[in-house]
**Q** 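Take a look at the following structure, please.
FYI, the numbering just counts along the sequence from 1. FYI, side chains are in, hydrogens and waters are out, and symmetry mates aren't considered; it's all heavy atoms of this structure.
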Amino acid sequence: MLLVDVIRILEKAYPPRLAEGWDSVGLVCGDPAAEVTRVLACVDVTADVVDAALEQGAQLIVAHHPLLLRGVDTVAASTPKGALIHRLIAGGCALFTAHTNADRARGGVNDALAAVLGLTVTGPVEYLEPVRSLDRWGVMVPPDQADGVLAALFAAGAGHVGDYSECAWRVDGTGQFRPGAAANPAIGTVGEPTTVRETRVELVADRSARAAVAAALRDAHPYEEPAFDIIELVGGEREWGLGRIGTLPAPLSLAEFTERVAGALGAPARAAGDPDARIRTVAVCGGAGDSLLGTVSRLGVDAYVTGDLRHHPVDEHLRAGGPAVIDAGHWGTEFPWCAAVARLLADRLDVRVFDRPTDPFTVRASPAGGCVE
């Protein structure tokens, strides 16, 4: 595949529009016209990751965390990040980043985290603002001409719902009308009551397309005066956003669930709360998630799994009656996404996952003494 085609797949799965305004996502280096056969997925772009990519002959690294984000004004080879960029370019390996857009997208970081913990997802922790203002159109049309009218409405931009197109609903019924003296009816006689079999078609369209849809309807409809209505939908269509809420197959104690989290993620996990508390509904947010503590407290969940939790926010959260929290680290809660990237591209590319932890904390000591790497 060409790199541009791989990018098209990645940006469909993790739309750049979902990224925070401060974020840096997309292609960092590489030629879109270059050919790609092997990909390495990772959380962080480190020297070890670049070593592995070049040793494996990868032409693309797909990373979660941006290598170049804040205050970057040079990629000189004498700088730590610049040295990696130079090595990638010299080795013919592109770099692509999906960060906060992958956090929010369906099938992204948080769905991967929920799945590896065995949760059945019911929704996001926090929805995004509406991305589409929608109208619902209702149109009366003779049954044998419904397909033609619908085709015209679809061509004008109506009938899109999420990843689906040409979406509509139909029901058959009986319409009636009496043509006036100045009318030129396609069906019926001037001055005479007329009943006809009709199909009511309903579909949605962006409010910004209202004029185009109305023009297409009038051009395609066989009636002199088509019968239709437009209803403005409240709220529009919302993308799923940060975090996920889900349920466990069966309740576990907080202590048991914390062990499950550590085992599933292959990362140390610590919990705050009553060890014997029963956990069934769970909120998750990959990476640093203490900004959502107030939100999860209002959701009525039993526990919240995230990373990078700080002492005072957690203490205040529990004092306010919030659910138990489990901190499984930044890398640990985001790493499951790498397997999701591999599955996304596996049909056409050789995709490998850099599975050695890139958590910068590599040595842990216990109070009893001794260190563990």
**Q** Once you round to the nearest 0.5 Å, how far does CD1 of Ile61 lie from CG of Leu54?
**A** 7.0 Å

**Q** Checking Tyr14 against Val341 for the side chain to side chain contact (heavy atoms under 4.5 Å, CB included) test, could you report, in this order, the C-alpha distance in whole Å, the side-chain angles of both residues, the deciding distance, and whether it holds?
**A** CA-CA 10 Å; Tyr14 315 118; Val341 173; 3.9 Å; yes

**Q** Answer whether the closest heavy-atom distance between the side chains of Leu119 and Thr247 falls below 4.5 Å.
**A** no

**Q** For Ala102 versus Ala98, what's the shortest heavy-atom pair and its separation?
**A**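 Between these two residues, the closest heavy atoms are CB-O, 3.6 Å.
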
**Q** What heavy-atom pair brings Gly148 and Ala220 nearest, and what distance separates the two atoms?
**A** O-CB, 4.4 Å

**Q** Under 3.5 Å, is there a donor-acceptor pair between the side chain of Thr100 and the main chain of Ala19?
**A** no

**Q** Would you check if the side chain of Asp44 reaches a backbone N or O of Asp359 as a donor-acceptor pair within less than 3.5 Å?
**A**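 Not at all, since once roles are kept as given, no pair shorter than 3.5 Å links the two residues.
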
**Q** Can Leu117 and Val305 be said to form a side chain to side chain contact (heavy atoms under 4.5 Å, CB included), step by step?
**A** CA-CA 10 Å; Leu117 297 182; Val305 179; 4.2 Å; yes

**Q** Could you go step by step and tell me if Arg210 and Asp135 meet the salt bridge (charged side-chain N to carboxylate O under 4.0 Å, His left out) rule?
**A** CA-CA 8 Å; Arg210 185 180 291 179; Asp135 290 333; 2.8 Å; yes

**Q** Looking only at atom types and distance, does a side-chain atom of Ser297 sit under 3.5 Å from a main-chain N or O of Pro323, one as donor and one as acceptor?
**A** no

**Q** Hey, would you say the His65 and His330 ring centroids sit under 6.0 Å apart?
**A**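 Yes, the ring centres sit under 6.0 Å apart.
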
**Q** Can you check whether Leu233's main-chain N or O pairs, donor with acceptor, with Arg207's side chain at less than 3.5 Å?
**A**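 Pair found, side chain donor or acceptor close to backbone of Leu233.
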
**Q** Hey, what do you get for OG1 (Thr333) to CG (Asn110), rounding to the nearest 0.5 Å?
**A**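 These two atoms lie 8.5 Å from each other.
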
**Q** Which heavy atom in Val43 sits nearest to a heavy atom in Thr358, and how many Å separate them?
**A**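 Looking at all heavy atoms of both residues, the shortest contact is CB-OG1, 4.2 Å.
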
**Q** Should Arg104 and Glu20 be marked as a salt bridge (charged side-chain N to carboxylate O under 4.0 Å, His left out) after you check the CA-CA gap, both sets of side-chain angles, and the distance that decides it?
**A** CA-CA 10 Å; Arg104 288 170 163 156; Glu20 293 278 5; 2.9 Å; yes

**Q** Can a salt bridge be assigned to the pair Arg170 and Asp147 using a cut-off of 4.0 Å between side-chain N and carboxylate O?
**A** yes

**Q** Is there a path from Val301 to Val284 through hydrophobic residues (I, L, V, M, F, W, Y) whose side chains come within less than 4.5 Å of each other?
**A**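 No; tracing contacts between hydrophobic side chains, which count when under 4.5 Å, never links both residues.
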
**Q** Return yes if some donor-acceptor pair links the side-chain N/O of Asp327 with the main-chain N/O of Leu309 below 3.5 Å, else return no.
**A**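 Present.
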
**Q** Within a strict 4.5 Å, meaning less than it, do heavy atoms of the Pro251 and Ile279 side chains meet?
**A**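 Of all side-chain heavy-atom pairs linking Ile279 with Pro251, none is under 4.5 Å.
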
**Q** Between Asp172 and Arg197 (salt bridge meaning N to carboxylate O under 4.0 Å), is one present in this structure?
**A**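 Looking at Arg197 together with Asp172, the answer is no, because their closest N to O distance does not fall below 4.0 Å.
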
**Q** Considering all heavy atoms of both residues, which atom of Ala340 and which atom of Ala112 are nearest to each other, and what is their separation?
**A**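 The pair with the smallest heavy-atom distance is CB-CB, 4.4 Å.
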
**Q** Would you say the side-chain atoms of Gln59 pair up with the backbone N or O of Arg38, donor to acceptor, closer than 3.5 Å?
**A** yes

**Q** Going from NE2 on His64 to CZ on Phe335, what distance comes out if it is rounded to the nearest 0.5 angstrom?
**A** 13.0 Å

**Q** Assess, by modelled atom type and distance only, whether the side chains of Thr174 and Glu198 contain a donor and an acceptor separated by less than 3.5 Å.
**A**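 Side-chain D/A pair, Thr174 to Glu198: absent.
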
**Q** Please report the closest heavy-atom contact between Ala47 and Arg87, naming both atoms and the distance.
**A** O-NH1, 4.0 Å

**Q** Around atom CZ of Arg348, are there more than 12 heavy atoms of other residues, nucleotides or ligands at under 6.0 Å?
**A**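 Counting other residues, nucleotides and ligands, CZ of Arg348 stays at 12 neighbours or fewer.
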
**Q** Can you tell me if Arg280 uses its side chain to pair, donor with acceptor, with the backbone of Leu248 under 3.5 Å?
**A** yes

**Q** Are Phe154 and Val149 close enough that some pair of their side-chain heavy atoms sits under 4.5 Å apart?
**A**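 A side-chain contact is absent here, since even the closest heavy-atom pair is not under 4.5 Å.
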
**Q** With no hydrogens and no angle check, is any side-chain donor or acceptor of Asp103 less than 3.5 Å from a backbone partner on Val109?
**A**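 Between the backbone of Val109 and the side chain of Asp103 there is no qualifying donor-acceptor contact (under 3.5 Å).
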
**Q** Checking the side chain of Glu232 only, and the main-chain atoms of Ile230 only, is there a donor and an acceptor separated by less than 3.5 Å?
**A**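 No; judged by distance alone, with no hydrogens or angles, the pair does not exist.
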
**Q** Taking the side chain as every heavy atom from C-beta outward, state whether Met1 and Thr37 have any pair of such atoms under 4.5 Å apart.
**A** no

**Q** Same hydrophobic cluster for Val139 and Tyr223, using side-chain heavy-atom links shorter than 4.5 Å among ILVMFWY?
**A** no

**Q** Are side-chain heavy atoms of Arg270 and Ile326 found at a separation under 4.5 Å?
**A** no

**Q** Would you say that Glu126 contacts Trp240 through its side chain, given a criterion of any heavy-atom pair below 4.5 Å between the two side chains?
**A** no

**Q** Does the Arg178 side chain pair with the main chain of Gly191, one donor and one acceptor, at a distance under 3.5 Å?
**A** yes

**Q** For the CZ atom of Arg310 and the CG atom of Asp315, what is their distance to the nearest 0.5 Å?
**A** 13.0 Å

**Q** So which atom in Pro15 and which in Asn101 form the shortest heavy-atom distance, rounded to 0.1 Å?
**A**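 Smallest heavy-atom distance, with atoms named: O-CB, 3.2 Å.
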
**Q** Evaluate the side-chain proximity of Asp290 to Val314: yes if any heavy-atom separation is below 4.5 Å, no if none is.
**A**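 Sidechains of Asp290 and Val314: no contact.
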
**Q** Rounded to the nearest 0.5 Å, what separation is found between the SG atom of Cys338 and the CH2 atom of Trp331?
**A** 8.0 Å

**Q** Decide yes or no for Phe96 and Ile7: does some side-chain heavy atom of the first lie under 4.5 Å from some side-chain heavy atom of the second?
**A** yes

**Q** Check the pair Leu69 / Trp22 against side chain to side chain contact (heavy atoms under 4.5 Å, CB included), numbers first and verdict last.
**A** CA-CA 8 Å; Leu69 184 58; Trp22 51 261; 4.2 Å; yes

**Q** Can a side-chain donor-acceptor contact be found between Ser24 and His99 if the only test is distance below 3.5 angstrom?
**A**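 No.
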
**Q** Look at the side-chain heavy atoms of Ile, Leu, Val, Met, Phe, Trp and Tyr, link any pair under 4.5 Å apart, and say whether Leu40 and Leu67 land in one connected group.
**A**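 Same cluster.
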
**Q** Rounded to the nearest 0.5 Å, how far does CG of Leu293 lie from OG1 of Thr306?
**A** 8.0 Å

**Q** Give a yes or no on whether Val261 and Leu254 share a hydrophobic cluster (residues Ile, Leu, Val, Met, Phe, Trp, Tyr; joining criterion: side-chain heavy atoms under 4.5 Å apart).
**A**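 Yes; tracing contacts between hydrophobic side chains, which count when under 4.5 Å, links both residues.
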
**Q** Should Ile245 and Leu292 be regarded as members of a common hydrophobic cluster, given that ILVMFWY residues are connected when their side-chain heavy atoms come within less than 4.5 Å of each other, either directly or indirectly?
**A**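 Linked, Ile245 and Leu292 end up in one cluster.
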
**Q** Please report the C-alpha distance between Cys167 and His160 in whole Å, then the side-chain angles of each, then the deciding distance to 0.1 Å, and finally whether the side chain to side chain contact (heavy atoms under 4.5 Å, CB included) criterion is met.
**A** CA-CA 6 Å; Cys167 302; His160 287 273; over 6 Å; no

**Q** As a quick check of understanding, evaluate salt bridge (charged side-chain N to carboxylate O under 4.0 Å, His left out) for Asp229 and Arg200, giving each step before the final call.
**A** CA-CA 11 Å; Asp229 53 81; Arg200 178 175 172 83; 3.0 Å; yes

